[in-house]
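As a basis for the values below, the full set of heavy atoms in this structure was taken, side chains included, without hydrogen atoms, waters or symmetry mates. Bear in mind the structure is a predicted one, so any value in this text is a computation, not a measurement. The residues of the chain are indexed from 1 along the displayed sequence. Each ligand, and each atom within it, is numbered from 1 in the order the structure gives.
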Amino acid sequence: METVVRVEGKRSVQVLSDIEAIGQEAASLFVNASRNSVAIRRRFVVAISGGSTPRRLYTLLSTEPYRDQIDWRNVYFFWADERCVPKGNEESNFKTAFERLLSKVPIPDGNIHRIKGEEEPEKAARAYEEDIKKFFGMSGLPVFDLVILGMGEDGHTASLFPGSKSLEETDRLTVPVYLDKPNWSRITLTLPVLNNAAQILFLVAGQAKAAVVSEILGDGEKKRQFPAGLISPIQGNVTWLIDQEAAGKRIG
Ligand code: 6PG
């Protein structure tokens, strides 16, 4: 399998053959990032996303050769966003990660910082913000060691949707997002928090996303219309792992 890699300053783009290759590459990146972070800071704090694309990654991290390369006692999980549903609901981002990963690795329960999607959205958003501030022991912006993001066909990421007021939020770390459809609201980390991360990893697959991917990875100003195009880490770096369909390129 051939991988096309392009590095532009703090952004690198890897075009891989398919979602399995994205999962494998992301799992290696996760292992390396966790080792570096634990070696330096004795902890690795990651914020993960829901949706379908990261599921293969979560499953891989719970299996060899990745599982035993990670010091799970020092890994802390947060979420980039959550749907306002109970944790047992099929739509729950917590459930997605718990079933495929967190229930299968020796991570202490206290290391899992879930967004309480079952609660009233504003209350849940504020509680999550308090949890983040308490964990990082600070008042400013937290620095997640790694944030794993996906992207929707409309260019949304986490639960930051095109034209949404939540994109303008500069004070709060987390906000509720009220959507017309589907009939559940969301809780999301805000742009300043995402852009303050040490490392951001986008996992994007499928032809349906190729048009937006080419806008965001292109040089035009149109990229700023898409929330995923506003992800530009202040101090960290961002890696896009995309498959050949999303890259609109054929490999080999
Ligand atoms: C969510 C995600 C969301 C997701 C995109 C892409 O809660 O749904 O956090 O931002 O990453 O919608 O979803 P897919 O990976 O399923 O295409």
Side-chain angles (χ1 to χ4, degrees), residues 16 18-23 25-27 30 46-60 77-102 113-118 121 124-125 128 144 146-164 166-167 169 174-191 193-195 197 200-213 215-216 226-231 238-248:
L16 298 129
D18 53 26
I19 206 160
E20 175 62 26
I22 288 177
E25 182 63 24
F30 188 104
V46 56
I48 60 176
S49 285
S52 56
T53 314
R55 292 179 180 181
R56 184 64 186 139
L57 164 65
Y58 302 152
T59 302
L60 286 168
F77 278 87
F78 288 79
W79 274 256
D81 71 327
E82 181 60 282
R83 293 95 178 263
C84 294
V85 294
K87 67 177 182 179
N89 185 294
E90 278 313 310
E91 296 300 332
S92 162
N93 289 347
F94 169 78
K95 183 179 167 79
T96 297
F98 186 78
E99 287 186 342
R100 289 170 179 77
L101 174 58
L102 303 174
H113 294 258
R114 178 176 79 83
I115 302 174
K116 298 195 174 44
E118 65 275 17
Y128 189 46
F144 285 99
L146 177 65
V147 175
I148 297 174
L149 295 174
M151 186 194 80
E153 294 170 23
D154 61 357
H156 81 260
T157 191
S159 283
L160 297 167
F161 291 85
S164 160
S166 55
L167 289 167
E169 181 60 53
T174 64
V175 290
V177 177
Y178 301 97
L179 302 176
D180 306 338
K181 65 174 183 27
N183 59 5
W184 64 73
S185 301
R186 308 263 190 125
I187 311 279
T188 189
L189 292 178
T190 55
L191 264 180
V193 175
L194 296 174
N195 279 331
I200 295 175
L201 185 56
F202 270 107
L203 310 183
V204 180
Q207 197 280 327
K209 300 177 182 182
V212 175
V213 164
E215 289 291 352
I216 292 175
F226 308 107
L230 299 172
I231 298 293
V238 56
T239 300
W240 286 73
L241 299 183
I242 58 181
D243 72 354
Q244 59 190 355
E245 294 204 346

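Remark: ligand 1 atoms within the under-4.0 Å shell around heavy atoms of H156 are 3 (C), 5 (C), 10 (O), 12 (O). Per-residue contacts place G150 under 4.0 angstrom from the following atoms of ligand 1 (heavy atoms of the residue considered): 11 (O). Each of the atoms 1 (C), 7 (O), 8 (O) of ligand 1 lies under 4.0 Å from some heavy atom of R83. The distance from ligand 1 to the heavy atoms of R186 drops below 4.0 Å at these ligand atoms: 1 (C), 7 (O), 8 (O).
Contact between F202 and G150 at its shortest, heavy atoms only, is CE2-O, 3.6 Å. Taking both residues in full, the closest heavy atoms of L203 and L57 are given as CD1-CD2, 4.0 Å, listed atom of the first, atom of the second, then distance. Across L160 and S166, no two heavy atoms sit closer than the pair CD2-OG, 3.6 Å.
Scanning all protein heavy atoms for the shortest distance to atom 13 (O) of ligand 1 gives G51 CA, 3.9 Å. Nearest protein neighbour of atom 15 (O) of ligand 1, counting heavy atoms only, is T53 OG1, 2.6 Å. The nearest protein atom to atom 17 (O) of ligand 1, hydrogens excluded, is given as K209 NZ, 2.5 Å; this is a heavy-atom distance.
Between N89 and K95 the shortest side-chain heavy-atom distance does not fall below 4.5 Å. Counting heavy atoms from C-beta on, the side chains of L191 and L167 come closer than 4.5 Å. Within the 4.5 Å cutoff, the side chain of H156 has no heavy atoms near those of the D81 side chain.
With a heavy-atom cut-off of 4.0 Å, D81 touches ligand 1 through its side chain alone. Contacts with ligand 1 closer than 4.0 Å are made by backbone heavy atoms (N, CA, C, O) of A158 only, the side chain lying farther away. Counting heavy atoms closer than 4.0 Å to ligand 1, residue M151 contributes backbone atoms (N, CA, C, O) but none from C-beta onward. The proximity of N93 to ligand 1, defined as any non-hydrogen pair under 4.0 Å, is limited to the side chain.
In this structure, CG on L230 lies 8.5 Å from CD1 on I216, to the nearest 0.5 angstrom.
Salt-bridge formation is not detected for the pair K87/E118: no Lys NZ or Arg NE/NH1/NH2 atom is positioned less than 4.0 Å from an Asp or Glu carboxylate oxygen.
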